[in-house]
Number of protein chains: 2
Amino acid sequence: MNIVMDAFGGDNAPLEVIKGAVDAQRDFGVDITLVGDEKKIKDCAAKNSIDISALKIRHADTVIEICEEPTEVIKGKKDCSMAVGMQMLADGEGDAFVSAGSTGALVVGATFIVKRIKGIKRPALATILPTAGKPTMLLDSGANADCRPEMLVQFGIMGTAYMNKILGVDKPRVALANIGAEESKGRELELETYKQLKTAPVNFVGNIEARQLPLGDCDVCVADGFCGNLMLKLYEGMGKFFSGELKNIFKSSAKSKLAAVMVMKDINNFKKKVDYSEYGGAPLLGTAKPVIKAHGSSDAKAFYNAVRQAKQFTETGVIDMITDALAQMKKVQE
Amino acid sequence: MNIVMDAFGGDNAPLEVIKGAVDAQRDFGVDITLVGDEKKIKDCAAKNSIDISALKIRHADTVIEICEEPTEVIKGKKDCSMAVGMQMLADGEGDAFVSAGSTGALVVGATFIVKRIKGIKRPALATILPTAGKPTMLLDSGANADCRPEMLVQFGIMGTAYMNKILGVDKPRVALANIGAEESKGRELELETYKQLKTAPVNFVGNIEARQLPLGDCDVCVADGFCGNLMLKLYEGMGKFFSGELKNIFKSSAKSKLAAVMVMKDINNFKKKVDYSEYGGAPLLGTAKPVIKAHGSSDAKAFYNAVRQAKQFTETGVIDMITDALAQMKKVQE
């Protein structure tokens, strides 16, 4: 198995990508190909005394920046590390792709270079959220600002496959993000999606209000990419807000600093629970081969976990399960 | 000034409404009329030894329930406490209305009984959110699932007036909830709203990503009522999630329980900061007279603060400021 990594995506590239790749190659028994400017990769490794002899390198001239138009990845910047990496998947030279670069470009590239699973309308960005219970998958968390009901239904199918195969959840509870629990709640999009989800091959448990999301009341939460992105980012922001307040509490006096020491272990456990880097990255679901979007601020550990995730994604048959569910739906509809 | 209160709205009615009303009448020097079944109100007060001789009572036969169709408030249930209370405003017998009952019914009743400010398309539910900085107003937080750009612009104008007059914020920073900071981000709704907000009589500071909301990066955040409601409820849910985790941390051992005692004061200060009941309720902005939606789980303190808020709302000329801004916009457009 060859995991292809964009060596120049994210805020900490290429050093943290290289570090994560070396550790992952050693621990997971996979081949890893770093894509990007070969000289820069080698110089960075040498400067930091990292032995990269076990990694492969595929040269790419340029990098697509966050500020550039996403479509440039298939137009003017076909030679960027992200485009070259995804072309390797399309050409059968790689099994999965990991990048911490521009989300928009990754979605465009995955759609037009890696291509979609047959029958899938749009790939969705799927994020694993920590909750008071087990982790929940939120999708679409930002790939498609405008969605139609059939897309949301497919998100439910794809999330089900992922949570079942990768996180081992039996019959994942699929819920629709909405402003009330009743079937009559929401916009046209939610009303129609609700109807369709009732007969889809998923364990649909109805609407979920956003209040219940952090309490772990479902395993897969489907939403259009606009609402999903707002929720994902609010999740992150609330985490920052509360951890900032907690820091203030524990720094306000000598006594509170002592108290902090006394509960340090528990606080660290909690931090680990809500730490995104533990989960690796956000899989882009619906593409013909696994594509993982690592967080822009990923460090070596996050890249390491993203490779583990890419390996599991490739091995466990998530894509086959999605294909089967689509076929089953089509059969019922005919 | 006569503040009209729905004695039968919310989970803790009528007892907590009565308690909050008695305290508020005494402290704020306003008349208060409780609306609802007169016998039940008097029985409840007598049973709990509360002297309600300083309060007025307006009898209403029924109560509109959360599960009923919101339009019933102007159809089959015109005799419910909520409808009767709002009719008092329309008839000039009251100056502001407070209810912890069904949000949907309150929006319908306010629109058709109290009526809108001339020129306002739709009233919006406005919620004050605690942040790492100063409180932020989020609107619409649930009155209108579908919105047009002109409505969002009016939300910005109304939020500006409220934050300026009631919370004393000079030139409130108005931001549009979006999935990216750039002007080109979002759906058709956000693209068009952005354009219109640039020339509206508000201090428009551009798009805000949901991540920045809890950090206090704007004073007024405008969104359609679907997205606003998702964000509001996620805000609440994250609060529950984190306070639950904090409780677990401080209960895990004898040592951590001791630590809890050491930082109790700071934790209580934080709790107070994020406690909704401190702010009273969510004003419904855009109606011809002040209408306040108290939280369904309001206790006496929350009702007390809601009356203070209703009094300020009535006195400080928020509605005049909105009317003036609408006139100014109309003049520019002509």
Side-chain angles (χ1 to χ4, degrees), chain A residues 67 104 130-132 142 145-146 177-180 182 185-190 209-216 223-227 229-246 248-250 252-253 255-256 258-263 265-267 269-270 273-274, chain B residues 67 104 130-132 142 145-146 177-180 182 185-190 209-216 223-227 229-246 248-250 252-253 255-256 258-263 265-267 269-270 273-274:
Chain A
C67 56
T131 77
D146 291 292
N178 207 334
I179 56 173
E182 305 85 355
K185 292 282 181 177
R187 306 164 297 182
E188 276 302 316
L189 176 63
E190 285 73 31
E209 291 196 82
R211 187 191 286 128
Q212 303 306 118
L213 199 59
L215 306 179
D224 69 66
F226 189 86
C227 291
N229 191 264
L230 288 182
M231 289 194 283
L232 169 65
K233 286 179 181 160
L234 188 54
Y235 227 94
E236 288 183 22
M238 291 300 282
K240 269 195 187 172
F241 172 29
F242 283 113
S243 61
E245 296 289 330
L246 205 59
N248 290 342
I249 287 173
F250 284 125
S252 70
S253 68
K255 197 168 73 172
S256 66
L258 178 60
V261 174
M262 292 163 72
V263 291
K265 202 185 122 204
D266 295 296
I267 288 184
N269 282 343
F270 171 63
K273 188 176 174 183
V274 300
Chain B
C67 55
T131 77
D146 289 293
N178 208 333
I179 56 174
E182 305 83 355
K185 291 283 180 178
R187 306 164 297 182
E188 277 301 316
L189 176 63
E190 285 73 31
E209 291 196 83
R211 188 189 287 130
Q212 303 306 117
L213 198 59
L215 306 179
D224 68 67
F226 189 86
C227 291
N229 191 265
L230 288 182
M231 289 193 284
L232 169 64
K233 286 179 182 160
L234 188 54
Y235 227 93
E236 287 183 25
M238 291 301 283
K240 268 195 186 170
F241 173 29
F242 282 113
S243 61
E245 295 289 330
L246 204 59
N248 290 342
I249 287 174
F250 283 125
S252 70
S253 68
K255 197 168 73 174
S256 66
L258 178 61
V261 175
M262 292 162 70
V263 291
K265 202 185 122 204
D266 296 295
I267 287 185
N269 282 342
F270 170 63
K273 188 175 172 182
V274 299

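Excluded from the calculations below are hydrogen atoms, water molecules and symmetry mates; all remaining heavy atoms, backbone and side chain alike, are included. The sequence lines fix the lettering, A, B, ..., with proteins before strands; numbering per chain opens at 1.
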Okay, A/S253 and chain B: the region with an atom under 4.5 Å from a heavy atom over there is neither

Comparing B/T131, B/V261, B/I267 against chain A, the one with the most heavy-atom pairs below 4.5 Å turns out to be B/T131

Looking only at A/A132, A/A260, A/A145, the option with the highest number of non-hydrogen pairs under 4.5 Å against chain B is A/A132

Applying side chain to side chain donor-acceptor pair (under 3.5 Å) to B/K233 and not counting sequence neighbours gives A/E209, B/N229

Assert top hit (heavy-atom pairs under 4.5 Å, partner chain A, pool B/M231, B/K185, B/K240) equals B/M231

Taken to the nearest 0.5 Å, the spacing of A/L189 CG from B/D146 CG works out to 10.0 Å

One should read off an interatomic distance between B/L246 CG and A/L246 CG, to the nearest 0.5 angstrom, of 6.0 Å

| Check against side chain to side chain contact (heavy atoms under 4.5 Å, CB included), A/E190 and B/F226 | CA-CA 11 Å; A/E190 285 73 31; B/F226 189 86; 3.3 Å; yes

Of the listed A/L230, A/L234, A/V263, the one with the largest count of heavy-atom pairs under 4.5 Å with chain B is A/L234

Whatever's closer than 4.5 Å to a heavy atom in chain B on A/L215 counts as side chain

Whatever's closer than 4.5 Å to a heavy atom in chain B on A/S252 counts as side chain

Heavy atoms of B/P214 and A/G237 approach each other most closely as CG-C, 3.6 Å

Honestly, the part of A/E182 sitting under 4.5 Å from a heavy atom of chain B is neither

Pair count under 4.5 Å, heavy atoms only, with chain A: among B/E188, B/K265, B/R211, highest is B/R211

When the 4.5 angstrom heavy-atom criterion is applied to A/N178 and chain B, the contacting part is both

So, the part of A/F270 with a heavy atom under 4.5 Å from chain B: the answer is side chain

Residues at least two apart in sequence or cross-chain that pass side chain to side chain contact (heavy atoms under 4.5 Å, CB included) with B/S243, listed by chain then number, are none

Here the pair of heavy atoms bringing A/P130 nearest to B/F241 is O-CE2, 3.9 Å

